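Only a predicted model underlies this, so the values are computations on that prediction, with no experimental measurement involved. Below, chains carry the letters A, B, ... as their sequence lines are ordered, and counting in each starts from 1. Computed from heavy atoms alone, side chains included, the values below leave out hydrogens, waters and symmetry copies.
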Amino acid sequence: MIHAFSGNAAVAYAMKQINPDVVAVYPITPQTVAMERFADFVADGDVDTELIMADSEHSAMSCCIGASLAGGRVMTSTASAGLALMWEVLFVAASNRCPIIMNVMNRALSAPINIHCDHSDAMGARDSSWIQIHAENVQEAYDNIIQAVRIAEHENVRLPVMTNMDGFTLSHATERMETLEDQQVQKFISEFKAIYPLLDVDNPVTYGPLDLYDYYFEHKRQQVEAMELAYDVIKKVGQEYGKMTGRSFDMLHPFEMEDAEVAVVVLGSTSGTARVAVRAMRQKGIKVGLVKLRVFRPFPKDELREMLKGMKAVAVMDRSDSFGAFGGPVFSEVRSALLGEDVEVVNYIYGLGGRDIRQDQIEQVITDMSTVAKTGKVKSFVTYLGVR
Amino acid sequence: MKEKGWKECLWGGLIVDAGNSVLYKTGDWRSQRPIRDEQKCTDCLQCWIMCPDAAIKVKDGKIVGIDYDYCKGCGICCKVCPFDAIEMKEEGEK
Amino acid sequence: MVSLKKLSEKEELLAPGHRLCAGCGASIIVRQVLLAAETPVVIANATGCLEVATTIYPYTAWRVPWVHSAFENAAATIAGVETMYQLKKRKGEITRDIKFLAFGGDGGTYDIGIQALSGALERGHDILYICYNNGAYMNTGIQRSSATPKGASTTTSPAGRVIPGKKRFPKDLTAIVAAHNIPYCGQTSPSFYNDLTGKVQKALSTEGPTFLNIISPCPRGWRHETDESIAMAEEAVTSCFWPLYEVENGAWRLTGYSKQIAEGKKEKTSVIDWMKKQGRFRHLFTETRKSFLESIQEEVDREWENLKKRCGY
Ligand SMILES: Cc1ncc(C[n+]2csc(CCOP(=O)(O)OP(=O)(O)O)c2C)c(N)n1
Ligand code: SF4
Ligand code: SF4
Ligand code: SF4
Ligand SMILES: [Mg+2]
């Protein structure tokens, strides 16, 4: 079906079609509207879901963990400070292998308080063992949520998934998009399979013991493995979903990369602007390509390396900073993935607190890359784009 | 228990063998040993309900012994017995 | 009145082999609670002595489904579990009765977990939250909490030359919980197993959120002999430091020994005598701190009178 949906409406609609057992949430801009819409579905009996309006995001995630371990399909949604408040229990959810799905409408962190988009929230949670998928547009945001259910619940994975989309840019933008039929969604996600549920009182289990130096490391190693196995699962689920919808889903989405000599790596809604910029610069004779990073965790290091090796210069766009580090988080990962390759990788940090990113700025980035390619010299490895 | 590798243990520290703490014997923490005098004991079960370690064994409403595998020798049973039927003795003492 | 003989026929759901200290009040409380429960239970436990010492991987002492998530979120965790149960019940996927319990220490309940507790109570989950209250953060080495008694020396409210231990009275968490207008809450003590098990059964048979605040002697933190735990939890009651009462649908009622004191059938003992038996108050027994000590007795007396009034005496 074709709709004109905002990101928030699309999230609520995907959740309605998934019909999760339990949803526990707390309001925070810019995802509040999604929860309000979903609350309407609950109030009207359109879903079977038990909705918990928690006392905080920390409690919301804790309720999600409880409901998940009890044996339910569980979802939530948050942004910014909400995700930061959950930080402690994000690890608990992942370590207990709760396949919780969380929509995150990316927003800057305080202080000063700012309600607009950047990726500081998601990047702050990058080491929590949550799978992270980033959407370019409202359509993808919807598609990602539905695929996330399959990915999270896969027996080789059993990890929570965070489906990200840019706050306001997508959450509050109305776009034309296509949804699946309810039955299609249900068939695609299939029944939830609980593993060692707490509600099985005849087979009592203990979750979350004190785990010391003798076993903790082993349990962490298992998470590493789950992330590695998730790689394949994400690809297969993407292919299957792609067949059904005619849209394509992969870890990385290259654009004009076949003969490219320089490349831009970007994630989230900026990919759209970047694509336009690439097209324009190609007309000016620069052999530039774009790599959209759809999945940030597990990080598609091998595929990225294959795609970028041989480039003369690569610009990595980061919408958050890692203060005191050498560049932003995406930059660090891309650079490590290219270790040993003869490629100059440079970083552009942009758009903090919702600062607009314009086509001409990305074109400037591409011009810079072209210069690096020609001269082999990098003026600055980390550039703050659009700051006064 | 032999320490398992990451491929052999269940994820996240999940324990499915409920109550397997019985494999861990806390009896060797004890420096004093409760001894019950069967003559004095009236099977009132006060000691049983107050024992922190479920170490007082009861069958059909009667005390059948103290489980020295787990008894930590706290002495609560001795203190709460209304009939002075439990005495604490130094471990090793006869 | 529960019959001990009857209770003794039930399975021990907290297995021995746990590593709580000898004489720890927490395990006595848990045993009594689980013996009182008449249906299967699922438990969420906050971080603290009880959680740590009963589940040292790869061992668990729990013969019931049990989850520990974090320090401050036992109430939220059990709320999530219970919500899933309500859904399954609504859909007819589960028909049997299961009860949902949370255990938190005083730190996990009075302090860091009070928000999650308040939220769960307000939302009306069908749970029983139990605070085993040993009056300090024992697991991390006896730091003060907002439940630490006035005058107690802890590692973060140490008695010094100038400061006589914790300066303030504990907050009245049970009254705070009662102010949520939940159907049932109260205070009890493991020394009065009849009172404790009776209240647990009442709470578990009540629909909606319920709460019990249970005094939990800690030989290590209170600094008394291990065999004194039950005596300490008893004298806390007889001195009216820890009155036994319940609040059922808004009606405040003294119970057991406390009721008998109020009705003149039992003697109220001195709180100072109770304090004298615990090392954590030892520094108060000097000439210069006499008035401070007396102020504690006065405050306990005043609170007791207030409680009596609330209970209609
Ligand atoms: C968020 C967080 N802060 C602090 C701690 C450290 N911590 C663990 S247990 C504990 C004290 C527990 O005290 P209480 O709840 O009274 O239980 P007890 O140990 O006394 O039984 C503290 C401070 C923690 N685990 N998590
Ligand atoms: S000494 Fe303590 S642990 Fe041993 S049986 Fe008596 S009460 Fe139980
Ligand atoms: S308390 Fe004393 S009399 Fe009662 S059962 Fe125990 S040993 Fe026997
Ligand atoms: S420190 Fe206190 S509360 Fe903790 S296990 Fe020991 S006696 Fe129990
Ligand atoms: Mg405590």
Could you check which of [options] has the highest count of heavy-atom pairs closer than 4.5 Å to chain B?
| options | result |
| --- | --- |
| C/L14, C/T60, C/L13 | C/T60 |
| C/R63, C/R19, C/Q32 | C/R19 |
| C/P16, C/S8, C/S191 | C/P16 |

>> For residues 227-237 of chain C, give me every residue with a non-hydrogen atom less than 4.5 Å from any non-hydrogen atom of chain B.
In response: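 So the qualifying residues are C/D227, C/E228, C/S229, C/I230.
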
>> Please evaluate residues C/H68 and C/T47 with respect to the criterion side chain to side chain contact (heavy atoms under 4.5 Å, CB included), reporting the C-alpha separation (whole Å), side-chain torsions for both, the decisive distance (0.1 Å), and the verdict.
In response: CA-CA 7 Å; C/H68 160 251; C/T47 313; 2.7 Å; yes

> Short question: side chain of B/D53, backbone of B/A55 - any donor-acceptor pair under 3.5 Å?
Replying inline: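 Side chain of B/D53 to backbone of B/A55, a donor-acceptor pair under 3.5 Å: no, none is there.
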
> side chain to side chain donor-acceptor pair (under 3.5 Å) between C/N133 and C/S216: does it pass, once the steps are laid out?
Replying inline: CA-CA 5 Å; C/N133 180 356; C/S216 184; over 6 Å; no

> Pairs in or reaching into residues 31-47 of chain C: which pass salt bridge (charged side-chain N to carboxylate O under 4.0 Å, His left out), with residues at least two apart or in two chains?
Replying inline: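 Every pair satisfying salt bridge (charged side-chain N to carboxylate O under 4.0 Å, His left out) with a residue in residues 31-47 of chain C: C/E12-C/R31.
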
>> So that I can tick it off, tell me whether C/D195 and C/K199 are bridged by a salt bridge, with the cut-off set at under 4.0 angstrom between side-chain N and carboxylate O.
In response: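 Here C/K199 pairs with C/D195 in a salt bridge, since their nearest N and O are under 4.0 Å apart.
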
>> Taking CZ in C/R282 as the centre, count heavy atoms belonging to other residues, nucleotides or ligands within less than 6.0 Å. Is the count above 12?
In response: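 No, not enclosed.
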
>> Using a 6.0 Å cut-off, check whether atom CD of B/E8 has over 12 heavy atoms from anything other than its own residue.
In response: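 Yes - once you tally the heavy atoms of other residues, nucleotides and ligands closer than 6.0 Å, there are more than 12.
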
So what's closer than 4.5 Å to chain C heavy atoms on [X]: side chain, backbone, both or neither?
| X | answer |
| --- | --- |
| B/W48 | both |
| B/V22 | both |
| B/D69 | neither |
| B/Y70 | side chain |
| B/Q32 | neither |
| B/C51 | both |

>> Below 4.5 Å, heavy-atom pairs only: which of B/Q46, B/K62, B/K4, B/M88 has the largest tally toward chain C?
In response: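 With the most close heavy-atom pairs to chain C, the winner is B/Q46.
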
>> Quick check on the interface: out of B/C71, B/A54, B/G73, who has the most heavy-atom pairs with chain C under 4.5 Å?
In response: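 So the answer, after comparing B/C71, B/A54, B/G73, is B/A54.
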
>> For C/D97 and C/T39: C-alpha separation, side-chain torsions, deciding distance, then whether side chain to side chain donor-acceptor pair (under 3.5 Å) applies.
In response: CA-CA 7 Å; C/D97 246 357; C/T39 54; 6.0 Å; no

> Yes or no on ring-ring contact (aromatic ring centres under 6.0 Å, His included) for C/Y85 and C/F100, after CA distance, side-chain angles and deciding distance?
Replying inline: CA-CA 9 Å; C/Y85 169 74; C/F100 298 88; 4.9 Å; yes

>> Can you tell me how far apart CD (C/Q260) and CD (C/E267) are? Round to the nearest 0.5 Å.
In response: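 Nearest 0.5 Å value for the CD-CD distance: 12.5 Å.
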
> Given that the side chain runs from C-beta out, which part of C/I56 has a heavy atom under 4.5 Å from chain B: side chain, backbone, both or neither?
Replying inline: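 Neither part, no heavy atoms under 4.5 Å.
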
>> Would you say the ring centers of C/Y132 and C/F103 fall short of 6.0 Å from each other?
In response: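 No, the ring of C/Y132 stays outside the 6.0 Å limit from the ring of C/F103, centre to centre.
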
> Between B/R30 and B/Y68, is NZ or CZ placed under 6.0 angstrom from the six-membered ring centre and within 45° of the ring axis?
Replying inline: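 Not flagged: B/R30 not positioned over aromatic ring of B/Y68.
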
